[in-house]
Amino acid sequence: MSYVDEVIAKVKEKNASEPEFLQTVEEVLNSIRPLVDANEEKYRKLALLERITEPERQIKFRVPWVDDNGQVQVNIGYRVQFNSAIGPYKGGLRFHPSVYIGIIKFLGFEQIFKNSLTGLPIGGGKGGSDFDPNGKSDMEIMRFCQSFITELYRHIGPETDVPAGDIGVGGREVGFMMGQYKRIRNLYDGTLTGKGTMNGGLAGRDEATGYGVVFYAREMLKHFGESLEGKKVVISGFGNVAWGTAKKLEQLGAKAITISGPDGYILDEDGVTGEKIDYLLELRSSGKNICAPYADKFPGAKFFPGEKPWGVKADLYIPCATQNEIQIDEAKTMVANGCKFLCEAANMPTTNEAIDYFKENGVIVGPSKAANAGGVACSCIEMSQNAEHTIFTEEDVFEKLEAIMVNIFKQSIAACEKYNLGDDLIAGANIAGFERVANAMLMQGIV
Ligand code: GLU
């Protein structure tokens with residue numbers, strides 16, 4: 001049995017109740033076979049793959065808080081410190097009822113290779129809670145965040161572990177956590193990123209993930225002889241990533257024609273452009289987690305209740321919502337509709353079966369680890385800003401972001417060429433991200 005197959009079998013046995021984690025481990029390990037096969041003896045002896053698939057540390061804690069009726073509520077908090085070979089653990093916090101250890105481990109594992117691809121010195125980690133911010137008052141959110149950080153503070157720090165936002169955690173939540181952290185530690189340091197600019201946050205951090213995705217998509221299209229100019233783009237979600245993506249698409253001459261939420265999707269043939277993009281922020285801050293009101297506000301748009309946007313014909317597809325939103329049936333519809341390019345903005349939005357189907361049918365897939373790395377890259381720039389006690393301008397930030405995204409695409413293509421992977425940008429990104437972490441681990445001995 002090959003070393004990769006051996007480790008996949010072991011990981012499956014050890015983590016049988018964590019399907020999302022198993023999904024990403026299988027996807028990554030299968031795609032780095034050419035590199036592992038070339039180093040099989042050494043990697044096996046040093047148990048490199050066993051080590052890289054086992055988090056360095058996992059923290060699970062109780063988060064008690066008092067709701068507006070005076071009732072005590074209890075949630076579970078998590079932080080998985082997955083890999084610190086190339087820098088302090090770095091990754092967001094997700095507050096969503098679906099959160100359990102398997103989701104945090106999948107996100108933490110992906111984060112290792114994503115962070116490595118940025119070329120910046122950040123390791124991989126992720127955290128969160130099964131707390132649902134939707135429908136909660138600001139004061140309830142504040143009390144939850146304060147309780148969460150009152151435990152987590154002892155495990156994090158600017159040189160140890162630097163959390164940020166993810167689904168359900170934006171500037172408001174990070175602000176509450178930062179305030180409580182500062183109060184407990186008496187330190188105004190860069191322990192959390194994604195802060196508001198008046199709290200030491202980075203100008204442009206809110207746009208960074210979506211902008212980065214579109215820079216990546218531009219490079220991808222360019223490589224295959226196309227451009228963004230005039231392209232119709234189906235996107236999903238209506239949160240921070242969808243917002244930044246729609247904005248940058250418009251700036252670069254393309255247009256998003258859909259958004260989606262848990263309630264259904266919106267088709268806006270005129271384009272989600274101009275003031276309609278900023279309306280997404282209003283929709284989000286309503287706390288209702290629905291996109292239907294977009295169609296009332298802009299009469300040209302149509303709402304399709306309970307449906308996803310993947311049946312709409314487009315030149316490019318950018319899923320911006322959550323994991324596994326594109327499964328085999330959606331993939332079949334998209335291919336039948338002539339889909340040529342998919343660029344993943346959400347983390348692991350496509351199932352492995354759907355990815356295989358896309359590959360068999362010649363669809364080019366830009367993987368999330370590469371395409372959405374602009375968010376965490378800008379978080380690392382925020383860490384530098386805080387460490388230097390300075391402020392970077394938005395112009396500086398976007399210039400750096402663009403260069404990082406171009407470089408991520410180049411590294412992926414270079415790995416494709418070196419290992420004869422053809423157009424497999426997923427394998428290219430995984431190998432490029434993995435190689436850097438693996439080499440750092442090998443130099444640090446058995447730790
Ligand atoms: N949650 C984002 C991600 O999935 C950003 C993490 C960060 O800024 O640390 O990469």
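Values reported hereafter were calculated over all heavy atoms of this structure, with side chains retained and with hydrogens, waters and symmetry mates removed.
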*Within-4.5 Å side-chain heavy-atom neighbours: Phe106 and Gln23*: no
*asked:* Within 45 degrees of the ring normal and closer than 6.0 Å to the centroid, is that where the cationic atom of Lys340 sits relative to Phe224?
replied: no
*Dump the intermediate steps for side-chain contact (heavy atoms from CB on, under 4.5 Å) on Glu250 and Lys276, then the final yes or no.*
CA-CA 11 Å; Glu250 187 180 20; Lys276 296 187 227 169; over 6 Å; no
*After noting the C-alpha distance and the side-chain angles of Glu402 and Arg218, does the key distance pass the side-chain contact (heavy atoms from CB on, under 4.5 Å) rule?*
CA-CA 11 Å; Glu402 189 169 355; Arg218 182 192 65 192; 2.9 Å; yes
Atom pairs and distances, donor-acceptor, side-chain atoms in residues 364-376, under 3.5 Å, two or more places apart:
unit_1	atom_1	unit_2	atom_2	d
Ser368	OG	Met348	N	3.3
Lys369	NZ	Glu27	OE1	3.3
Lys369	NZ	Glu110	OE2	3.4
Lys369	NZ	Asn430	OD1	3.0
Asn372	OD1	Lys114	NZ	2.9
Asn372	ND2	Ala345	O	2.8
Asn372	ND2	Asn347	OD1	2.9

*Between Thr197 (side chain) and Leu202 (backbone), is there a donor-acceptor pair under 3.5 Å?*
no
*Would one find more than 12 heavy atoms of other residues, nucleotides or ligands at under 6.0 Å from atom NZ of Lys359?*
yes
*With a 4.0 Å cut-off, would you call Lys10 and Glu13 a salt bridge?*
no
_Any donor-acceptor N/O pair, Asn361 side chain to Val363 backbone, under 3.5 Å_ = no
*Donor-acceptor pair, Lys231 side chain versus Ser227 backbone, under 3.5 Å?*
yes
*Please report the closest heavy-atom contact between Asn75 and Phe144, naming both atoms and the distance.*
CB-CE1, 3.9 Å
Please tabulate, one pair per line, all N/O donor-acceptor pairs under 3.5 Å involving side-chain atoms of residues 294-314, not counting sequence neighbours.
unit_1	atom_1	unit_2	atom_2	d
Tyr294	OH	Asp268	OD2	2.7
Lys308	NZ	Glu325	O	3.1
Trp310	NE1	Glu325	O	3.4

*Will you find, in the side chains of Glu344 and Thr350, an N or O donor that is under 3.5 Å from an N or O acceptor?*
yes
_Check whether Asp130 reaches the backbone of Val99 with its side chain - one donor and one acceptor, N or O, closer than 3.5 Å._
no
*Determine yes or no for a side-chain-to-main-chain donor-acceptor pair under 3.5 angstrom, with Ser129 supplying the side chain and Ile76 the backbone.*
yes
*With a 3.5 Å cut-off and no angle check, do the side chains of Tyr89 and Gln111 form a donor-acceptor pair?*
no
*Can you name the residues that form a side chain to side chain donor-acceptor pair (under 3.5 Å) with Thr322, not counting sequence neighbours?*
none
